[in-house]
Amino acid sequence: QVQLAESGGGSVQAGGSLRLSCAASSAMYSSHCMGWFRQAPGKEREGVAAIYTGYTGGGSTYYADSVKGRFTISQDNAKNTVYLQMNSLKPEDTAMYYCAASWSPFMTDIQALGAFKRGEVNYWGQGTQVTVSS
């Protein structure tokens, strides 16, 4: 069982930046995806960003259209940690942000990221609140 612990949420004014971190309790040696979802009150959950690591490495990424050019996902495999750098934040980015991870055996990066985006994940974090004021 892998546990995910998020940190880095908070309150910021529009145009500001935040960096979220998600630390996994153990290394995910097999092919997998890690990334972020968000959910605002009264809205559906949205896959924000994800990064794929295959058997021979990887690094393919996915971003929701709403965050492209503003958010960047990265990972530090030595620390079993994924980061989400959020720049140029907007009030509509206000939401609870959840880290998630999925095993992706026998999948290409495109297949794995597609499955992740659909919410087909194995592990969830507890969430961290991001509030952006205008």
Side-chain angles (χ1 to χ4, degrees):
Q1 184 76 4
V2 175
Q3 295 181 331
L4 304 174
E6 303 106 329
S7 61
S11 297
V12 66
Q13 289 191 327
S17 299
L18 285 172
R19 189 176 82 154
L20 304 183
S21 300
C22 173
S25 58
S26 60
M28 297 182 69
Y29 293 109
S30 184
S31 177
H32 66 275
C33 288
M34 288 186 70
W36 300 86
F37 290 81
R38 68 184 180 186
Q39 189 164 23
K43 293 188 176 181
E44 291 188 356
R45 184 182 64 198
E46 176 186 27
V48 176
I51 187 164
Y52 167 81
T53 301
Y55 296 106
T56 58
S60 298
T61 57
Y62 157 81
Y63 293 97
D65 288 341
S66 57
V67 307
K68 281 181 181 177
R70 300 188 297 121
F71 291 10
T72 302
I73 190 169
S74 61
Q75 62 184 1
D76 185 336
N77 291 326
K79 296 182 179 179
N80 303 327
T81 300
V82 170
Y83 305 96
L84 186 67
Q85 178 66 42
M86 305 185 295
N87 298 329
S88 302
L89 283 162
K90 304 176 181 180
E92 50 264 44
D93 294 319
T94 296
M96 185 70 79
Y97 283 70
Y98 297 92
C99 180
S102 64
W103 299 112
S104 309
F106 314 118
M107 293 186 194
T108 65
D109 54 348
I110 294 175
Q111 292 170 334
L113 291 170
F116 187 95
K117 182 177 65 172
R118 293 190 297 270
E120 297 169 16
V121 303
N122 300 98
Y123 309 107
W124 292 95
Q126 293 297 312
T128 185
Q129 178 68 37
V130 171
T131 302
V132 184
S133 58
S134 57

(message) Check this for me: Gln3, atom CD, are more than 12 non-hydrogen atoms of other residues, nucleotides or ligands nearer than 6.0 Å?
(response) no

(message) Restricting to non-hydrogen atoms, name the atom on Ala101 and the atom on Val121 that form the minimum distance, rounded to 0.1 Å.
(response) O-CB, 3.6 Å

(request) With rounding to the nearest 0.5 Å, note down the distance linking CD in Gln85 to OG1 in Thr72. (result) 7.0 Å

(message) How close do Ala14 and Ser134 get, counting heavy atoms only, and between which atoms?
(response) CB-CA, 4.3 Å

(request) Grab the two heavy atoms, one from Gln129 and one from Thr131, that are nearest each other, plus how far apart they are. (result) NE2-OG1, 3.4 Å

(message) Which heavy atom of Tyr98 sits nearest to which heavy atom of Gly127, and what is that distance?
(response) CD2-CA, 3.5 Å

(message) Tell me whether the NZ or CZ atom of Arg38 lies within the 45° cone about the ring axis of Tyr97 and under 6.0 Å from its centre.
(response) no

(message) Consider side chain to side chain donor-acceptor pair (under 3.5 Å). Of Asn80, Thr61, Thr53, which one does Gln75 pass it with?
(response) Thr53

(message) For His32 versus Met34, what's the shortest heavy-atom pair and its separation?
(response) CD2-CG, 3.9 Å

(message) Which heavy atom of Ser88 sits nearest to which heavy atom of Arg70, and what is that distance?
(response) O-NH1, 3.0 Å

(request) Establish, from distance only, whether the side-chain atoms of Tyr123 and Trp103 form a donor-acceptor pair under 3.5 Å. (result) yes

(message) If the threshold is 4.0 Å, N to carboxylate O, is there a salt bridge linking Asp65 and Lys68?
(response) yes

(message) As an exercise, state the distance from OG of Ser104 to CG of Leu113, rounded to the nearest 0.5 Å.
(response) 7.5 Å

